[in-house]
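Following: one structure in structure tokens, then a few remarks.
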2 protein chains.
Amino acid sequence: MPSEGVDAARDGSDLHHSLRTVWWEEDAQLAAVCMLDQSLLPQQVVVLHLTHEQQVADAITTLQVRGAPAIGVTAAFGMLLALHRFLHERASDDEPPSASASQTHLISVGHLLRSTRPTAVNLAWAVERMLRCADKTLAEQANPLSLWHELRREALAIAAEDVDASLKMGQYGAELIPAGATLLTHCNAGSLATSAGLGTALAPIYVAHQAGKAIHVFVDETRPVLQGARLTAWELQQAGVPLTLITDSMAGHFMRQGKIAAVFVGADRIAANGDVANKIGTYGLAVLAHAHSLPFYVVAPCSTIDLSLASGDFIPIEQRNSAEVTTIRGVQIAPSGIQVANPAFDVTPHSLITAIITEQGIVYAPYDVSLGHLCGRL
Amino acid sequence: MPSEGVDAARDGSDLHHSLRTVWWEEDAQLAAVCMLDQSLLPQQVVVLHLTHEQQVADAITTLQVRGAPAIGVTAAFGMLLALHRFLHERASDDEPPSASASQTHLISVGHLLRSTRPTAVNLAWAVERMLRCADKTLAEQANPLSLWHELRREALAIAAEDVDASLKMGQYGAELIPAGATLLTHCNAGSLATSAGLGTALAPIYVAHQAGKAIHVFVDETRPVLQGARLTAWELQQAGVPLTLITDSMAGHFMRQGKIAAVFVGADRIAANGDVANKIGTYGLAVLAHAHSLPFYVVAPCSTIDLSLASGDFIPIEQRNSAEVTTIRGVQIAPSGIQVANPAFDVTPHSLITAIITEQGIVYAPYDVSLGHLCGRL
């Protein structure tokens, strides 16, 4: 159940609080994973209705949906969509699909969805949660209808928990924000990075803003894909949070001028020792924050924590297409034929992180201990 | 006279060694300041022939020519062009222009040119050098023809010295580059940032490359104006120097991975204590280099040193149009109506600078002493 705080926050007329990034639609005939096409924002607001799991995988790969928690929810809905299609298309066959055939199909779709993006662990986490739910259901009642009902319940629960977690992260994190502060954020870790609600790194900012703390946000544009300029600037503007857009290279300058009080970022994967993989550029900001004695906060749900990896050295870093660097919205900005590097993420060592804010509370160094306790509690 | 070394370097068939950024053309009828239009590179190679000083001022303002040494030479040629026009247009008047009227005109054109960009001191330095030359000439022979000859000689000397200085900086700086090193550079401080020749930060790289040191250059794209992606990548490619283009936010990641051995940047103004104003993002790179114990080298001719300013705190920082951030080559990339910051430069404190490489030699901390000695020698 959402708390009173959630209702209050979502009752507002601000668009971002009613903003849905990815959701499930279903009627007697059709089921669909629906999403805002984030590759077109902010110039066009287009809703996609995806009716095949391959479309869902493609939407994740091409960044039509992005943000670690949002792609986790998308993967859960993608699994549900695949099951719906599987059961629906075979309903008129002489022999309707068996529970075990359905499970085999789900495992294969899980592979498809997990292969889309390697760094954000929420994707694998959501797929595994759906598969565990299928295992558990089929161990009790080996029929496809039960499987459908249970997986539907699980996917919707994942989405609801995502929204709830964002509010809790917001409430915990807002306590770290002094009134009148100017904060820096990188990439988009806002409403658009979660399935709905307040986001991760932006959640404390939204809660502080709604509490009347008169905050201001410096938004890194976040090359190459410009999630800051296109998505964070847009959703903060919609929510009425004062912002200043800067290029990634300006952060150090404004820190040196004393204009920034703290940095808030999201995460794509957090290793057992507290090392954090997040959008490329995060590490550089952490070094700059450290050099200026500024707090550097990572905000992420517990689904982002991967205790199976001892340190960030083991987190796979996705290398994306060079065209993301050499072209911007289709316009060529560099000579043809040159070599380009395009790692989508970097790793920030735990020593540079002031605190990690989760929906279960705020944890501090030593992270190997505090993250272990946190996950032990779950 | 160019040295033998300069001739050898410019005799190469590599385009960049015959690349001219800005030059003077003159025949019986017409005089013009000519330049490659750097705002169109690398997609279009267009040469501008400017015949009015206002066009020269506009070309500097709109970044058709940029780079501290190059705009210094451009300003010298702009002064010469203004005098040519002044003398030529009034040649048929009943009363031809007096020497003192010519001088008054030059002072006014100097104001125009100096007002185009406030940070790079080379602009003011070149204007003042032309005005001092005018003063000196008129103190000896108060006639416009002598003034013309002397100013023409002075402007061409400024351009020739610029080329010569770039080779000397290259030779000094190359000694700091180990064989097989991968270097990082920011913005464009290459041939395109000087009137011709090897540039500033790229000069040691070109000399090391020609010496067969098998170096590789990481090129920051340098938002917002993309001088790295558009200009540095292009001229290194033309010269056959292996390069990898990255976004500004990736530098820290590659330093942490041990991929970068040193950073080479140019400068727009160097204060008496060694603080350096250079393209926005330079400061962040200096902090990152320091955090990774990498040498951070500034390469600039002595005309960039401004002993009249005690520290970088007094260097004026140009604030440019927000459209440079919110649009890329005319394509909108951010929501309309948001606040944007666009400082074109930042200041790197001398404590983060390993050495300053000039055409007079390499200087080290304490810079207040070493820069004083260097300028005392001139």
Side-chain angles (χ1 to χ4, degrees), chain A residues 42-43 186 218-224 226 228-230 233-234 236-238 242-254 256 279-288 290-292 317 322 325-326 328-343 345-347 349, chain B residues 42-43 186 218-224 226 229-230 233-234 236-238 242-256 279-288 290-292 317 322 325-326 328-343 345-347 349:
Chain A
Q43 275 72 33
H186 189 63
F218 273 64
V219 177
D220 275 352
E221 66 173 3
T222 317
R223 279 282 289 153
L226 296 164
R230 296 191 301 105
W234 182 71
L236 289 175
Q237 183 187 38
Q238 297 287 342
L243 72 107
T244 301
L245 177 65
I246 61 173
T247 66
D248 303 305
S249 58
M250 292 175 191
H253 172 72
F254 288 111
R256 185 161 184 263
K279 179 58 55 205
I280 188 76
T282 301
Y283 169 61
L285 293 178
V287 171
L288 283 166
H290 184 77
H292 295 85
I317 299 297
S322 64
V325 175
T326 58
I328 295 180
R329 307 220 128 192
V331 179
Q332 178 95 12
I333 57 154
S336 299
I338 57 168
Q339 185 174 317
V340 173
N342 189 15
F345 304 94
D346 58 26
V347 172
Chain B
Q43 275 73 32
H186 188 64
F218 273 62
V219 177
D220 275 352
E221 67 173 2
T222 317
R223 279 279 290 149
L226 296 163
R230 297 190 300 106
W234 182 72
L236 288 176
Q237 183 187 39
Q238 298 287 344
L243 72 108
T244 301
L245 177 65
I246 61 173
T247 65
D248 303 306
S249 57
M250 292 175 191
H253 173 71
F254 288 110
M255 287 186 190
R256 186 162 183 261
K279 179 58 54 202
I280 189 77
T282 301
Y283 169 61
L285 293 178
V287 171
L288 283 165
H290 184 76
H292 295 85
I317 299 297
S322 64
V325 174
T326 58
I328 296 180
R329 306 220 129 192
V331 179
Q332 179 95 10
I333 56 154
S336 301
I338 57 170
Q339 186 175 317
V340 173
N342 189 14
F345 304 93
D346 59 26
V347 172

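Below, read A as the first sequence line, B as the second, and so on, with proteins coming before strands; counting in each chain starts at 1. All figures in this text were calculated on a predicted structure; none of them were measured in a lab.
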Subject >> Sub-4.5 Å side-chain heavy-atom contact between B:Pro343 and A:Met250 >> reply: yes
Subject >> Smallest separation among heavy atoms of A:Gln339 and B:Thr244, with atom names >> reply: NE2-OG1, 3.1 Å
**OP:** Could you look at B:Leu226 and say if it's the side chain, the backbone, both or neither that has a heavy atom under 4.5 Å from chain A?
**Re:** side chain
Original post:
Given that the side chain runs from C-beta out, which part of A:Asp220 has a heavy atom under 4.5 Å from chain B: side chain, backbone, both or neither?
Top reply: neither
Original post:
What part of B:Val325 gets closer than 4.5 Å to chain A, counting heavy atoms only: side chain, backbone, both or neither?
Top reply: both
Original post:
Can you say whether B:Phe345 sits under 4.5 Å from chain A via the side chain, the backbone, both, or neither, judging by heavy atoms?
Top reply: backbone
Subject >> Among A:Gly284, A:Ala341, A:Ser322, residue most engaged with chain B (heavy-atom pairs, under 4.5 Å) >> reply: A:Ala341
Original post:
Among B:Pro335, B:Ala233, B:Pro242, who wins on heavy-atom pairs under 4.5 Å with chain A?
Top reply: B:Pro335
Original post:
Under a 4.5 Å heavy-atom cut-off, does chain B meet the side chain of A:Val340, its backbone, both or neither?
Top reply: both
Original post:
What's the shortest heavy-atom distance between B:Gln237 and A:Ser336, and which atoms?
Top reply: NE2-O, 2.8 Å
Original post:
What part of A:Asp248 lies closer than 4.5 angstrom to a heavy atom of chain B: side chain, backbone, both or neither?
Top reply: side chain
Original post:
Where does A:Ile338 contact chain B at under 4.5 Å (heavy atoms): side chain, backbone, both or neither?
Top reply: both
Original post:
If you tally heavy-atom pairs under 4.5 Å against chain A, which of B:His290, B:His292, B:Arg223, B:Met255 wins?
Top reply: B:Arg223
**OP:** Identify, with sequence neighbours excluded, every residue that meets salt bridge (charged side-chain N to carboxylate O under 4.0 Å, His left out) alongside A:Arg230.
**Re:** none
Original post:
By a 4.5 Å heavy-atom criterion (distance strictly below it), what part of A:Ala291 contacts chain B: side chain, backbone, both, or neither?
Top reply: side chain
Original post:
Given side chains that start at C-beta, do those of A:His253 and B:Ile280 come closer than 4.5 Å, heavy atoms only?
Top reply: yes
Subject >> For chain A, the option from B:Val287, B:Thr326, B:Thr282 that forms the most heavy-atom pairs under 4.5 Å >> reply: B:Val287
Subject >> Listed partners of B:Thr247 passing side-chain hydrogen bond (donor to acceptor under 3.5 Å, both in side chains), at least two apart >> reply: B:Ser249
**OP:** Specify which of A:Ala229, A:Ala286, A:Ala251 makes the most heavy-atom pairs with chain B at under 4.5 Å.
**Re:** A:Ala229
Subject >> Closest-packed option against chain B by number of heavy-atom pairs under 4.5 Å, given A:Lys279, A:His186, A:Arg329 >> reply: A:Arg329
Subject >> Side chain / backbone / both / neither for B:Val219 at chain A, heavy atoms under 4.5 Å >> reply: neither
Original post:
Are A:Glu221 and B:Pro224 close enough that some pair of their side-chain heavy atoms sits under 4.5 Å apart?
Top reply: no
Original post:
Non-hydrogen atoms of chain B under 4.5 Å away: do they reach the side chain of A:Gln43, the backbone, both or neither?
Top reply: side chain
**OP:** Pick whichever of B:Leu236, B:Ile246, B:Ile328 has the most heavy-atom pairs under 4.5 Å with chain A.
**Re:** B:Ile328
**OP:** Please state whether the side chain, the backbone, both or neither of A:Pro42 comes within less than 4.5 Å of a heavy atom of chain B.
**Re:** side chain
Original post:
Top residue by heavy-atom pair count (under 4.5 Å) with chain B, among A:Ala334, A:Gly228, A:Gly252?
Top reply: A:Ala334
